[in-house]
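In what follows, chains are A, B, ... by sequence order, proteins preceding strands, each numbered from 1. All of these numbers come straight from a predicted model, not from anything done at the bench.
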Number of protein chains: 2
Amino acid sequence: MTTLVDVAKKANVSKMTVSRVINHPDKVTDELKALVYEAMRELDYHPNMIAKALVDKSTRIIKLCILEDIDTTEPYYMNLMIGIAKTLDLHQYSLQLVTRKNFDIGNCDGYIITGMRQQDVDWIKNLKKPVVMFGENRYGFDYVDTNNKAGLYKLAQLALQRGYEKLVYIGIDSKESFEYSREAGYLQQVQELRMLPELHRFDNHSHLAEEFIETNWKKIKPNTAFLCASDRLAIGILRGIVRSGGKVPEDFGVTGFDGVFLNQVASPKITTIKQSIIEMGSACGENLLDKIETKESQGALVFEPKISFGGTLRD
Amino acid sequence: MTTLVDVAKKANVSKMTVSRVINHPDKVTDELKALVYEAMRELDYHPNMIAKALVDKSTRIIKLCILEDIDTTEPYYMNLMIGIAKTLDLHQYSLQLVTRKNFDIGNCDGYIITGMRQQDVDWIKNLKKPVVMFGENRYGFDYVDTNNKAGLYKLAQLALQRGYEKLVYIGIDSKESFEYSREAGYLQQVQELRMLPELHRFDNHSHLAEEFIETNWKKIKPNTAFLCASDRLAIGILRGIVRSGGKVPEDFGVTGFDGVFLNQVASPKITTIKQSIIEMGSACGENLLDKIETKESQGALVFEPKISFGGTLRD
DNA sequence: GATTAACCTGTTACCGATAACATCTCAGAT
DNA sequence: ATCTGAGATGTTATCGGTAACAGGTTAATC
């Protein structure tokens, strides 16, 4: 490993000058700067982050707190992590994964938190390091998320364009903000057209949605589209309809939300909201690192939803 | 943050003595040790890993290299990471996620690698830091994996016990070691009973398996069990059979391999090998950290497979 | 009783960076 | 010509640990 001193010798300056070239380039003359840059290049110098961390009492560690149960952990977290990791690696930060089970020790420079519940608000507010949430919230934390409301609004619109006469919303039985937003998107579209809303909510498990369809099959009329708050629920609805003898997409429409993994294994593929989770993860990372360096809030970052066209809405 | 010096003052010793109590406790008298421990407890002292890392030129970073395409990245990697993270956090290490796309810079103390192909053997052998593979291999790298052969052997045995007369193996069209082992497990069971083996291989996508069933439906006789190398393939087989009008589990059996996530959304649930990926991840971490500290190879660690009973084999 | 060895404990230097302070230079003011 | 001060560069101390060496006791040996 080449160090500051190596570069300094090569450039015939003191190591402090080299340090300044890196951190306060405006305080060094162009002439010396050129020398130093040249030396750095020749020696392929990379700063030792550990030493830097020691002086400024930082850790270069970001904690990713996944507060949801592992059981319900959606596969898209994998993509989230890939996105986060991409940014962090670039800045020589590294990641610690934290779940409710190993929630402890160890310092860090910042947090990315996902799956927050109301009960978590207190301790999160007390954290002494910058925080970015993955997933919208109404407690004033900076966050990165898809525009959930717009997502359901668009899907509802699409279902109408495709000629379905009734829109039923299948939601997740939770008090989280994203759920309210998705419902709001549905309701807005429905109310703009003076239609009667119909909402049902379940825990996010496909078999609950399936049961719902099967037990209520007689009451369900053709030409209905089911707008689901997740791909899991959509898969259940789809299966329920198929089992009951209904035809998708001819007589019934189904849409989901997420579109990372589940719709790959459904057949037909589900028309859903495709979230570019990797990019969103990168955004989380950048947002947080900015915050760490500038010590200023970066605000929320909302991604516009994109529809991924599957085979569960007719053409 | 309390430091060595704080503890030293409190215990009325030099900081070197405190350091020794931590790293070479045999070189300090019991009397002083007691004092120091007492002081450490009172001050809630935790060593600063950054400072330690600076002197021994380590990074406390482990790189997790996921060499598979993100598209085919199975959700179980999430669990793998949780397992790894659990161990690493305990030892104050942290993780960097590396994919083929951001394969670069940054030092580290060791690697956990998964999804290795033949073409990767060379550079992996050239790595200067300890390596543990997740997934069996035949190149002499230490690894952690489920006993793939035993897994398929057991499933085949189970299918026979449940009265299926014909066993068909549906494999993944790849040259990776785990695939050979699963095939070997199937073949061993089949040959022990002098049955005729039948193997088919596809890329690991459910719709390929589904197509296979549908195009060959006429040739497929009842009382056959399909032993699949992955849950994805099993889902495809299952769907193909159901679509073609076959009855599972009455006339046809289906088994998978993995059991982390996919079988949660299948209906009925697939009888599969449940891998405790979280534990395996922890094992990877421990194996690697051992290796880093002792500088000795720790060997392979093979987990015995457990069957997760779903509804795709009859009782 | 002096010598030596074994064993503790403390001192110093260092890992690779940065901040704070010291020094030096040179332009502009007096 | 001397003084002043701004701006550039170098020196020193520091972050929190550890290794290597130095010094001080005590017990065993002659």
Side-chain angles (χ1 to χ4, degrees), chain A residues 1-40 43-61 91-93 105-109 292-293 295, chain B residues 1-40 43-61 91-93 105-109 292-293 295:
Chain A
M1 276 292 289
T2 63
T3 73
L4 268 192
V5 177
D6 301 325
V7 177
K9 276 185 192 150
K10 184 120 198 159
N12 264 315
V13 296
S14 76
K15 64 177 181 170
M16 201 55 224
T17 300
V18 180
S19 173
R20 274 199 273 267
V21 169
I22 296 167
N23 300 298
H24 312 283
D26 51 309
K27 301 201 162 178
V28 179
T29 52
D30 292 346
E31 194 184 6
L32 282 192
K33 250 186 296 197
L35 279 175
V36 170
Y37 281 134
E38 173 66 14
M40 294 200 305
L43 298 174
D44 190 32
Y45 170 75
H46 295 281
N48 181 329
M49 290 306 171
I50 299 274
K52 191 177 296 212
L54 183 59
V55 318
D56 49 57
K57 292 173 193 292
S58 71
T59 62
R60 303 239 138 211
I61 290 171
H91 296 79
Q92 303 261 300
Y93 276 77
I105 36 156
N107 222 341
C108 71
D109 291 352
I292 289 172
E293 276 161 32
K295 305 190 177 183
Chain B
M1 275 293 288
T2 62
T3 73
L4 269 191
V5 177
D6 300 325
V7 176
K9 276 184 193 150
K10 183 121 198 159
N12 264 315
V13 295
S14 76
K15 65 175 182 170
M16 201 55 224
T17 300
V18 180
S19 173
R20 280 199 195 93
V21 169
I22 296 167
N23 300 298
H24 313 284
D26 51 311
K27 300 199 165 181
V28 180
T29 52
D30 293 346
E31 196 184 4
L32 283 191
K33 249 185 295 195
L35 279 175
V36 170
Y37 282 134
E38 173 66 15
M40 294 200 308
L43 298 174
D44 191 33
Y45 170 74
H46 295 281
N48 181 330
M49 290 306 171
I50 299 274
K52 193 176 296 211
L54 182 58
V55 318
D56 48 58
K57 295 173 191 291
S58 71
T59 61
R60 302 236 139 214
I61 291 171
H91 295 79
Q92 303 260 301
Y93 277 77
I105 37 157
N107 221 341
C108 71
D109 292 352
I292 290 173
E293 277 163 31
K295 305 191 176 180

field: Lys/Arg-Asp/Glu bridge criterion (N-O < 4.0 Å) met for Asp30(B), Lys33(B)
entry: yes
Sugar-phosphate only, base, or nothing, as touched by [X] at under 4.0 Å among non-hydrogen atoms:
X        : result
Leu32(A) : sugar-phosphate
Val28(A) : sugar-phosphate
Lys57(B) : sugar-phosphate
Asp56(B) : nothing

query: Hey, mind stepping through Thr17(B) and Val28(B) against side chain to side chain contact (heavy atoms under 4.5 Å, CB included) and telling me if it holds?
result: CA-CA 7 Å; Thr17(B) 300; Val28(B) 180; 4.2 Å; yes
[X] [atom1] to [N] [atom2], straight-line distance once rounded to whole Å:
X        : N       : atom1 : atom2 : answer
Lys27(B) : dG10(C) : NZ    : C1'   : 15 Å
Leu54(B) : dA17(C) : CG    : P     : 9 Å
Asp26(B) : dT9(C)  : CG    : P     : 12 Å
Ile50(B) : dT18(C) : CD1   : P     : 14 Å
Gln92(A) : dA17(C) : CD    : C1'   : 14 Å
Met16(A) : dA22(C) : CE    : P     : 15 Å
Arg20(B) : dG10(C) : CZ    : P     : 8 Å

Positional range of nucleotides in DNA chain D within the contact set of chain A, heavy-atom, under 4.0 Å: dA8(D) to dG16(D)
message: By nearest atom, which of the nucleotides dA20(C), dA17(C), dC15(C) is closest to the Val55(B) side chain?
response: dC15(C)
message: Testing the 3.5 Å rule here: is there a donor-acceptor pair between the side chains of His46(B) and Asp44(B)?
response: yes
Is [X] close enough to [N] that one of its side-chain N or O atoms is under 4.0 Å from OP1 or OP2 there?
X        : N       : answer
Tyr45(A) : dG16(C) : no
Ser14(B) : dG10(C) : yes
Thr17(B) : dC8(C)  : no

message: Rounded at 0.5 Å granularity, tell me how far CG in Asn48(B) sits from CG in Leu54(A).
response: 6.5 Å
statement: Comparing nearest nucleotides in DNA chain C, the 5'-proximal residue of the pair His24(A), Lys15(B) is Lys15(B)
query: Can you check side chain to side chain contact (heavy atoms under 4.5 Å, CB included) on Val13(B) and Arg20(B), steps first, answer last?
result: CA-CA 11 Å; Val13(B) 295; Arg20(B) 280 199 195 93; over 6 Å; no
message: Under the criterion side chain to side chain contact (heavy atoms under 4.5 Å, CB included), I'd like the reasoning laid out for Ile22(B) against Met40(B): C-alpha separation, chi angles, the key distance, then a yes or no.
response: CA-CA 10 Å; Ile22(B) 296 167; Met40(B) 294 200 308; 4.2 Å; yes
message: For a side chain to side chain contact (heavy atoms under 4.5 Å, CB included) check, start with the C-alpha distance between Thr3(B) and Asp6(B), then their side-chain angles and the critical distance, and finish with the verdict.
response: CA-CA 5 Å; Thr3(B) 73; Asp6(B) 300 325; 3.5 Å; yes
